A.B. asks: 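Sharing a structure with you now.
The shown structure was predicted, so the numbers you read here are calculated from the model rather than taken from an experiment.
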Amino acid sequence: MTTTIYSATSTAWGGREGRVASSDNRVDLELSIPKGLGGDDGPGTNPEQLFATGYAACFHSALKAVARGRKVDVGGSAVSVTVALVRDSDTESLDLATRIEAQIPDVARDTAQELLDAAHALCPYSRATRGNIAAEVVLVDND
């Protein structure tokens, strides 16, 4: 049995060239089509940026939770998520692919990699997309 502990609702008008807003109006954004998709690269955001933003925040929270449980300080860490819209050359269909990059300074590389792997297993975004889209998880140097 599952129990909903939080839910969010957003509505889009006009697709990629419209607007999106959350039901509580905390998010209310104009959307624009990037040039790479044939658009005018207008001032608005796009679905891939919104997904990458949510995924990065969720994954970083999972990383912090795992680290806290193992009593490892990841206070200076950062997570970046790149979401790409890719075309399958065989079917011509559009798919998503993700690259998650984490910087975890002042933590031994093997420990940092263990934390990263555990966060990927825990993060709800990772769990929801696992097996559905290409995903790469990378521990990057702290330069």
Side-chain angles (χ1 to χ4, degrees), residues 1-89 93-143:
M1 182 174 153
T2 61
T3 303
T4 301
I5 57 172
Y6 175 75
S7 67
T9 302
S10 287
T11 302
W13 298 269
R16 287 181 172 272
E17 296 179 283
R19 188 176 131 248
V20 65
S22 61
S23 59
D24 62 5
N25 291 313
R26 291 182 182 192
V27 175
D28 190 343
L29 300 168
E30 180 181 348
L31 301 173
S32 298
I33 299 176
K35 281 192 181 191
L37 294 177
D40 65 359
D41 214 20
T45 189
N46 60 66
E48 292 73 31
Q49 288 175 327
L50 294 169
F51 185 58
T53 301
Y55 201 160
C58 188
F59 194 97
H60 198 221
S61 290
L63 176 65
K64 290 171 58 178
V66 168
R68 188 172 42 254
R70 297 182 186 186
K71 300 192 179 356
V72 177
D73 181 9
V74 295
S77 63
V79 172
S80 297
V81 174
T82 300
V83 173
L85 196 57
V86 297
R87 185 178 309 279
D88 183 301
S89 59
S93 64
L94 294 176
D95 293 308
L96 294 176
T98 59
R99 179 179 170 95
I100 302 161
E101 295 182 346
Q103 281 186 312
I104 309 174
D106 305 320
V107 175
R109 190 160 183 84
D110 59 336
T111 301
Q113 186 63 57
E114 289 174 13
L115 294 174
L116 189 57
D117 294 341
H120 191 44
L122 179 65
C123 174
Y125 277 62
S126 292
R127 292 168 43 92
T129 59
R130 186 168 291 116
N132 297 313
I133 65 174
E136 183 180 10
V137 182
V138 180
L139 178 62
V140 296
D141 292 330
N142 299 314
D143 300 336

A.B. asks: Considering residues at least two apart in sequence or located in another chain, which fulfil the salt bridge (charged side-chain N to carboxylate O under 4.0 Å, His left out) criterion with D24?
C.D. replies: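 Expected list: R26.
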A.B. asks: Taking the side chain as C-beta and beyond, is there a heavy-atom pair between R16 and E48 under 4.5 Å?
C.D. replies: yes
A.B. asks: Listed by chain and number, what are the side-chain hydrogen bond (donor to acceptor under 3.5 Å, both in side chains) partners of R19, not counting sequence neighbours?
C.D. replies: D28
A.B. asks: Going by the rule side chain to side chain contact (heavy atoms under 4.5 Å, CB included), which residues pair with T11 if we only count those two or more places apart in sequence or in a different chain?
C.D. replies: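 Per chain and number, T11 pairs via side chain to side chain contact (heavy atoms under 4.5 Å, CB included) with W13.
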A.B. asks: Mind checking side chain to side chain contact (heavy atoms under 4.5 Å, CB included) for L94 and listing every partner two or more places apart, or none if nothing turns up?
C.D. replies: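 Checked L94 against side chain to side chain contact (heavy atoms under 4.5 Å, CB included); matches are L85, R87.
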A.B. asks: Could you pull out all residues at least two apart from T45 that satisfy side-chain hydrogen bond (donor to acceptor under 3.5 Å, both in side chains)?
C.D. replies: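 Checked T45 against side-chain hydrogen bond (donor to acceptor under 3.5 Å, both in side chains); matches are Q49.
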A.B. asks: For S93, give me all partners under side-chain hydrogen bond (donor to acceptor under 3.5 Å, both in side chains), at least two apart in sequence or on another chain.
C.D. replies: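 Once residues adjacent in sequence are excluded, the partners of S93 under the side-chain hydrogen bond (donor to acceptor under 3.5 Å, both in side chains) criterion are T91.
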A.B. asks: Considering only distance and modelled atom types, tabulate donor-acceptor pairs under 3.5 Å from the side chains of residues 123-130, sequence neighbours left out.
C.D. replies:
| from | atom 1 | to | atom 2 | distance (Å) |
| --- | --- | --- | --- | --- |
| S126 | OG | Y55 | OH | 2.8 |
| S126 | OG | H120 | ND1 | 2.8 |
| T129 | OG1 | Y125 | O | 2.9 |
| T129 | OG1 | S126 | O | 3.4 |
| R130 | NH2 | H120 | O | 2.5 |

A.B. asks: Mind checking what makes salt bridge (charged side-chain N to carboxylate O under 4.0 Å, His left out) contact with E114, not counting sequence neighbours?
C.D. replies: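 Not a single residue meets the salt bridge (charged side-chain N to carboxylate O under 4.0 Å, His left out) criterion with E114.
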A.B. asks: Does the side chain of K35 reach to within under 4.5 Å of the side chain of D40, using non-hydrogen atoms?
C.D. replies: no
A.B. asks: Name every donor-acceptor pair, under 3.5 Å, that has one atom in a side chain of residues 69-84 and the other anywhere in the protein, sequence neighbours excluded.
C.D. replies:
| from | atom 1 | to | atom 2 | distance (Å) |
| --- | --- | --- | --- | --- |
| D73 | OD1 | G75 | N | 2.8 |
| S77 | OG | H60 | NE2 | 2.7 |
| S77 | OG | V74 | O | 2.7 |

A.B. asks: Which residues pass the side-chain hydrogen bond (donor to acceptor under 3.5 Å, both in side chains) test with D117, sequence neighbours left out?
C.D. replies: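 Listed in chain order: Q113.
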A.B. asks: With sequence neighbours excluded, tell me which residues meet side chain to side chain contact (heavy atoms under 4.5 Å, CB included) with A8.
C.D. replies: Y6
A.B. asks: Can you name the residues that form a side chain to side chain contact (heavy atoms under 4.5 Å, CB included) with V138, not counting sequence neighbours?
C.D. replies: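 V138 satisfies side chain to side chain contact (heavy atoms under 4.5 Å, CB included) with R99, E101, E136, V140 once adjacent residues are dropped.
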